[in-house]
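Keep in mind that what you see is a predicted model, and the values were worked out from it rather than measured.
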Amino acid sequence: MAKGGLGIRDGHMYAPRLMARLGLAMDRGAVRVSLVHYNTPDEMHRFGAALMKISSGL
């Protein structure tokens, strides 16, 4: 994501019960996408392209 110019963080998202149920570690756990009203269509497309690249193992 950083290579695509997108900021990304990981963590527990203040949801310890969900993290435990999913079997994820509280100190590194999950990545959450937060799109809001000020994100542009270009940013959303860049995110989608970066996610496709990561998920395809490239």
Side-chain angles (χ1 to χ4, degrees):
M1 293 294 171
K3 288 179 183 178
L6 301 162
I8 192 166
R9 301 289 180 270
D10 67 339
H12 56 72
M13 312 303 165
Y14 302 99
R17 289 182 295 187
L18 176 62
M19 298 298 287
R21 175 167 245 172
L22 296 173
L24 299 172
M26 288 291 291
D27 63 338
R28 55 190 171 163
V31 174
R32 177 182 67 193
V33 176
S34 297
L35 298 172
V36 294
H37 64 279
Y38 55 75
N39 287 104
T40 66
D42 178 61
E43 290 169 329
M44 290 185 270
H45 290 295
R46 284 187 10 238
F47 172 76
L51 188 59
M52 292 295 289
K53 189 173 185 179
I54 290 168
S55 66
S56 67
L58 298 176

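Applying the ring pair (Phe, Tyr, Trp, His ring centres under 6.0 Å) test to every pair with at least one member in residues 16-39, sequence neighbours left out, gives no pairs at all. Sorted by first then second residue, the salt bridge (charged side-chain N to carboxylate O under 4.0 Å, His left out) pairs that include residues 32-41, not counting sequence neighbours, number zero. Applying the ring pair (Phe, Tyr, Trp, His ring centres under 6.0 Å) test to pairs two or more places apart or on separate chains, those with a residue in residues 13-33 are His12-Tyr14. Here salt bridge (charged side-chain N to carboxylate O under 4.0 Å, His left out) pairs that include residues 11-27, with residues two or more places apart or in two chains, number zero.
Leu51 and Met13 are not part of a single hydrophobic cluster, where members link through side-chain heavy atoms under 4.5 Å apart.
Grouping Ile, Leu, Val, Met, Phe, Trp and Tyr by side-chain contacts under 4.5 Å, direct or through others, puts Met19 with Leu18, Leu22, Leu24, Met26.
For Leu6, the side chain to side chain contact (heavy atoms under 4.5 Å, CB included) partners two or more places apart in sequence, or in a different chain, are Met1, Arg46, Phe47, Ala50. Residues forming a side chain to side chain donor-acceptor pair (under 3.5 Å) with Asn39 (at least two apart in sequence, or on another chain): Glu43.
When all heavy atoms of Met52 and Ser55 are compared, the closest pair comes out as O-OG, 3.1 Å.
The distance from the CG atom of Leu35 to the OG1 atom of Thr40 is 10.0 Å, given to the nearest 0.5 Å.
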